[in-house]
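Proteins get letters first, then strands, A, B, ... in listed order; numbering begins at 1 in each. Scope of the values below: all heavy atoms of this structure, side chains included, with no hydrogens, waters or symmetry mates. The structure presented is a predicted model; accordingly, all values stated were derived computationally and were not measured.
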Amino acid sequence: DVKVTQSSRYLVKRTGEKVFLECVQDMDHENMFWYRQDPGLGLRLIYFSYDVKMKEKGDIPEGYSVSREKKERFSLILESASTNQTSMYLCASFMQGEGSNQPQHFGDGTRLSIL
Amino acid sequence: GQNIDQPTEMTATEGAIVQINCTYQTSGFNGLFWYQQHAGEAPTFLSYNVLDGLEEKGRFSSFLSRSKGYSYLLLKELQMKDSASYLCAVRDPYSGAGSYQLTFGKGTKLSVIP
């Protein structure tokens, strides 16, 4: 089974702090994603990466950056945390092949509160 | 871009059948996924449709009509553990940006009552 592990289930930080959320997958997947999930808004894509050191903006990248130095690890960075970044953050990965029907596999999520 | 609509909430009785609808308006289409998400947990993959028709997997089935921009998830013999949110997600055509992307609906919260 694919295992996607997020470093923290719950995290509390203060406004203005730099926050790092870590995600590791164990299936050698090329593609990794960061979403946030908010009530009434569903899952929204922040950033994704399709290879080491490669990154692409999703629908809501403002206030975030990412790092992918190793294939198995994808980090989400809140440069200067703000209260509107309080949310559930979900990491996902999948193996891409031509015509692939492979689903994205999700981690358990990090519930981040910014005070 | 993609616009995906699902009902916000549904309630059904244990042992019954429930159908959760998903409609989409898209600039392209390359498959539709259904996920189940229990409160406080990760979404887990249920089904995938890319061609028209019905895909059956145990108590769960998923249907797709590409011409109508419509899918549904059918849950039979409902159990209390089926109480969860069900997420419909449409995959974009490969854009050359390095990966397929998914656009998710807001999810349907299903409550199964005795």
For the [atom1] atom on [X], are there more than 12 heavy atoms of other groups (residues, nucleotides or ligands in this structure) within a distance under 6.0 Å?
| X | atom1 | answer |
| --- | --- | --- |
| Lys57(B) | NZ | yes |
| Arg14(A) | CZ | no |
| Glu77(B) | CD | no |

Given the rule that I, L, V, M, F, W and Y join up when any side-chain heavy atoms are under 4.5 Å apart, are [X] and [Y] in one cluster?
| X | Y | value |
| --- | --- | --- |
| Val50(B) | Tyr24(B) | no |
| Leu73(B) | Val90(B) | yes |
| Met32(A) | Val24(A) | no |
| Leu46(B) | Tyr35(A) | no |
| Ile20(B) | Tyr72(B) | no |

Subject >> Contacts with chain B made by residues 69-78 of chain A (heavy-atom distance under 4.5 Å), listed by residue number >> reply: none

Subject >> Toward chain B: residues of residues 59-67 of chain A with heavy atoms under 4.5 Å >> reply: none

**OP:** Could you tell me if the ring centre of Phe45(B) sits under 6.0 Å from that of Phe106(A)?
**Re:** no

Subject >> Region of Leu90(A) that comes under 4.5 Å of a non-hydrogen atom in chain B >> reply: side chain

Original post:
Where does Arg9(A) contact chain B at under 4.5 Å (heavy atoms): side chain, backbone, both or neither?
Top reply: side chain

Subject >> Any Leu102(B) side-chain heavy atom under 4.5 Å of Phe48(A) side chain >> reply: no

Original post:
Is the closest side-chain heavy-atom distance between Glu41(B) and Asp108(A) below 4.5 Å?
Top reply: no

Subject >> Closest non-hydrogen atom pair between Gly107(A) and Ala42(B), with its separation >> reply: O-CB, 2.8 Å

Subject >> Any side-chain donor near an acceptor of the partner, Gln37(A) and Gln37(B), under 3.5 Å >> reply: yes

Original post:
Under the 3.5 angstrom rule, does the side chain of Tyr35(B) hit a backbone N or O of Gln104(A) as a donor-acceptor pair?
Top reply: yes

